[in-house]
There are 2 protein chains.
Amino acid sequence: MTPDQLICDAIRAICRDKQPAGLYEPITYVLEAGGKRLRPLLTLIAAEMYGTEWQKVLPAALAIEVFHNFTLMHDDVMDKAPIRRGKPTVHVRWNTNTAILSGDQMLIEAYKQLAQLPADKLPRVLQMFNEMATGICEGQQYDVDFETATKVTIDDYIHMIRLKTSVLLATALKTGAYMADAPEEEQELLYDYGINIGLAFQLQDDILDVYGNPATFGKAVGGDIIENKKTYMYLTALQQADDATLQELQRWFDTKEEYQPQEKIEAVRAIYTQLGIKGICEEVMRKYTEQAFAILDKIKLPAEKKLILRELGEHLLARKE
Amino acid sequence: MTPDQLICDAIRAICRDKQPAGLYEPITYVLEAGGKRLRPLLTLIAAEMYGTEWQKVLPAALAIEVFHNFTLMHDDVMDKAPIRRGKPTVHVRWNTNTAILSGDQMLIEAYKQLAQLPADKLPRVLQMFNEMATGICEGQQYDVDFETATKVTIDDYIHMIRLKTSVLLATALKTGAYMADAPEEEQELLYDYGINIGLAFQLQDDILDVYGNPATFGKAVGGDIIENKKTYMYLTALQQADDATLQELQRWFDTKEEYQPQEKIEAVRAIYTQLGIKGICEEVMRKYTEQAFAILDKIKLPAEKKLILRELGEHLLARKE
């Protein structure tokens with residue numbers, strides 16, 4: 001059995017035959033919509049690197065995957081996102097109340113998975129999980145704050161996406177390593193690897209939000225622009241623009257104005273293209289990727305044990321559309 | 001220090017100095033709005049009955065109180081409730097997204113409290129807590145389902161409020177008893193006491209929703225009627241009404257019709273009064289209360305140890321408005 005199959009089978013079992021259907025069907029809908037299963041895979045991979053079999057860390061891996069999908073369900077409500085993984089979001093297919101309540105149950109389900117871990121591992125895993133979960137809520141709040149903040153620095157933005165995206169990947173890896181009794185400093189190295197890969201991954205997502213192919217991106221292209229998200233693309237453009245372009249860009253991001261979505265997306269994309277923002281962001285993305293691989297080099301395991309994480313990193317960051 | 005002070009001080013410390021303010025201020029707003037602190041008190045009382053000091057079970061008590069307030073924050077969004085404990089609800093004072101995200105963080109905070117428990121007690125407490133939390137989500141979903149269901153029996157309704165209200169009180173007591181190493185059968189008796197007191201308490205709430213004093217009820221009087229909630233009052237009225245009254249009542253609860261709220265509340269209240277529904281519900285409430293006290297009698301502790309729970313039950317159910 002591949003790790004992917006193991007995860008998918010276990011995911012399918014979570015809501016099987018549970019009542020009331022109104023609570024559990026939206027959870028199944030989201031959990032079975034697919035996605036990369038990247039985060040639980042990271043937990044299984046980290047455990048295997050230190051000689052612990054997948055099955056032993058499966059509840060921790062599932063907790064992380066269910067939690068991730070919970071955040072998507074609630075984020076989509078808050079962002080009014082219509083599409084996720086090519087399907088209508090839960091608040092569109094059902095309604096907002098359903099997305100709130102079924103999301104809450106998913107968060108609880110994540111903790112139910114953790115409760116299945118061996119008693120000696122539970123306290124520390126629960127603590128790591130809680131820190132991660134709080135980090136993600138804080139990151140989401142910063143994301144919301146930034147939409148209306150007048151001054152957001154690139155450092156602020158990196159801090160926000162670190163919390164919102166990276167901490168989950170980092171915790172997925174560290175949890176697997178901890179469960180497998182890896183040396184503490186190597187647990188930390190894997191955490192840092194996750195942080196850096198996560199930052200690179202989020203920057204790629206920022207680029208694809210502007211330049212992605214609607215047929216393969218999964219989400220609506222231009223969503224960040226419509227939501228006035230101050231992404232790495234936008235913040236870099238502010239730095240690069242001359243006065244006239246700056247004013248034009250800020251006018252498009254003026255939250256008091258209403259524009260036709262497509263018109264706004266195309267205008268902002270044209271500004272980014274003219275300023276060469278994509279190339280700059282790709283360079284920073286590369287920097288974080290290299291940092292991640294440098295951290296991987298420090299882990300004192302045979303190279304072939306680490307190969308899968310390197311390949312996964314390369315594969316993740318090769319999304320061109 | 002009284003147990004109430006102990007709880008309030010600990011509650012105040014939860015969000016102190018935490019950033020971002022947009023995430024934590026609404027949590028403080030709700031947690032410090034007061035409320036009876038009934039649930040954490042039950043945990044402390046149960047622990048003390050079996051000779052364990054309050055401080056030792058405080059994290060479990062706080063987890064339950066924070067969780068309870070999380071459910072209120074999200075329920076108020078779903079019910080579009082304007083007022084809670086005499087103050088504007090979070091989605092009114094801030095907005096819906098804030099109520100969703102700060103609520104999520106509260107749920108996580110509850111688990112952070114649990115993570116502070118001694119390692120030997122954690123697995124079982126976590127499992128009890130998870131079961132309770134899932135029960136409450138399921139109860140909330142049944143509550144939503146019943147608003148549009150054509151046929152809801154009184155048994156269905158009792159099952160729903162058991163999940164939505166009683167399980168939390170029952171788990172609060174059982175957790176305290178478990179933490180204090182009470183005999184397993186006495187943990188169960190305390191659980192059942194909580195279930196019965198909870199049912200009586202919810203029936204009282206149903207009565208007060210119709211006949212309560214707006215100045216002291218905390219919530220908007222008539223909220224259940226406006227939301228077409230099929231409460232014990234309503235379901236009993238369906239049983240008691242003659243054909244003409246039945247049709248009138250059902251017309252007021254027809255979800256497709258829009259009425260002036262005050263007009264609807266007064267009309268429905270008049271029907272209930274005419275049918276003597278309040279007296280019938282009070283009788284059932286008394287039945288559950290007596291059942292609770294009969295269970296308390298079975299606990300093999302000196303009467304003075306159990307006195308506080310009897311008094312608390314009597315006090316709780318003495319709310320006349």
Side-chain angles (χ1 to χ4, degrees), chain A residues 18-24 26 67 70-71 74-75 77-80 95-120 122-146 160 163, chain B residues 18-24 67 70-71 74-75 77-80 95-120 122-146 148 160 163:
Chain A
K18 285 191 185 162
Q19 289 295 331
L23 183 66
Y24 291 107
F67 178 85
F70 143 73
T71 65
H74 277 192
D75 282 6
V77 172
M78 295 187 258
D79 294 343
K80 300 189 173 59
N95 55 56
T96 296
N97 283 0
T98 297
I100 293 173
L101 187 62
S102 292
D104 291 344
Q105 176 52 31
M106 285 177 90
L107 177 48
I108 294 160
E109 180 60 44
Y111 285 101
K112 285 183 141 176
Q113 293 295 327
L114 291 185
Q116 295 174 37
L117 291 174
D120 62 324
L122 177 60
R124 180 80 182 107
V125 173
L126 180 61
Q127 189 197 13
M128 287 193 278
F129 190 90
N130 285 338
E131 267 171 43
M132 173 275 290
T134 289
I136 286 172
C137 286
E138 292 179 352
Q140 173 68 8
Q141 183 64 46
Y142 283 120
D143 197 12
V144 170
D145 290 345
F146 290 174
M160 184 273 283
L163 289 169
Chain B
K18 285 191 184 161
Q19 291 294 332
L23 182 66
Y24 291 107
F67 178 84
F70 142 75
T71 65
H74 277 192
D75 281 7
V77 173
M78 293 186 261
D79 294 342
K80 298 189 176 59
N95 54 57
T96 297
N97 283 1
T98 296
I100 295 173
L101 187 61
S102 292
D104 291 344
Q105 176 52 31
M106 284 176 90
L107 178 47
I108 295 161
E109 180 60 43
Y111 285 102
K112 284 183 142 177
Q113 293 295 329
L114 292 185
Q116 294 174 38
L117 292 173
D120 63 323
L122 178 60
R124 180 79 182 109
V125 174
L126 180 62
Q127 190 199 12
M128 288 193 277
F129 189 91
N130 285 338
E131 266 171 43
M132 174 274 290
T134 289
I136 286 172
C137 286
E138 290 178 353
Q140 172 69 7
Q141 182 65 45
Y142 283 120
D143 197 11
V144 171
D145 290 346
F146 290 174
T148 51
M160 184 274 283
L163 289 169

### Query
Do you know which of Ala133(A), Pro20(A), Ala119(A) has the most heavy-atom pairs with chain B at a distance under 4.5 angstrom?
Pro20(A)
### Rounded distance [0.5 Å steps], CZ in Phe129(B) versus NZ in Lys112(A)
12.0 Å
### Mutual orientation of the aromatic rings belonging to Tyr111(B) and Tyr111(A) [parallel < 30°, tilted 30-60°, perpendicular > 60°]
parallel
### Message
Can you tell me which portion of Leu107(B) sits under 4.5 Å from chain A's heavy atoms? Options are side chain, backbone, both or neither.
### Response
side chain
## Note on the structure
Shortest non-hydrogen pair, Val77(A) vs Asn97(B), comes out as O-OD1, 4.4 Å
#### Entry: Between SG on residue Cys137(A) and CD1 on residue Ile100(B), distance to nearest 0.5 Å
11.5 Å
### Message
Would you compute the distance between atom OH of Tyr24(B) and atom CD of Gln141(A) and round it to the nearest 0.5 angstrom?
### Response
9.5 Å
### Query
To the nearest 0.5 Å, what is the distance between CD (Glu109(A)) and CG (Asn130(B))?
8.5 Å
### Query
Of the listed residues (Gln140(A), Lys18(A), His74(A)), which shares the most heavy-atom pairs with chain B below a 4.5 Å separation?
His74(A)
### Query
Under a 4.5 Å heavy-atom cut-off, does chain A meet the side chain of Asp104(B), its backbone, both or neither?
both
### Query
In terms of heavy-atom proximity below 4.5 Å to chain A, should Gln116(B) be classed as side chain, backbone, both, or neither?
neither
### Query
Which residue out of Leu101(A), Asp79(A), Leu126(A), Leu122(A) racks up the most heavy-atom pairs below 4.5 Å with chain B?
Leu101(A)
### Message
So, taking the atom named CD in Glu138(A) and the one named CD in Gln19(B), what distance separates them when rounded to the nearest 0.5 Å?
### Response
9.0 Å
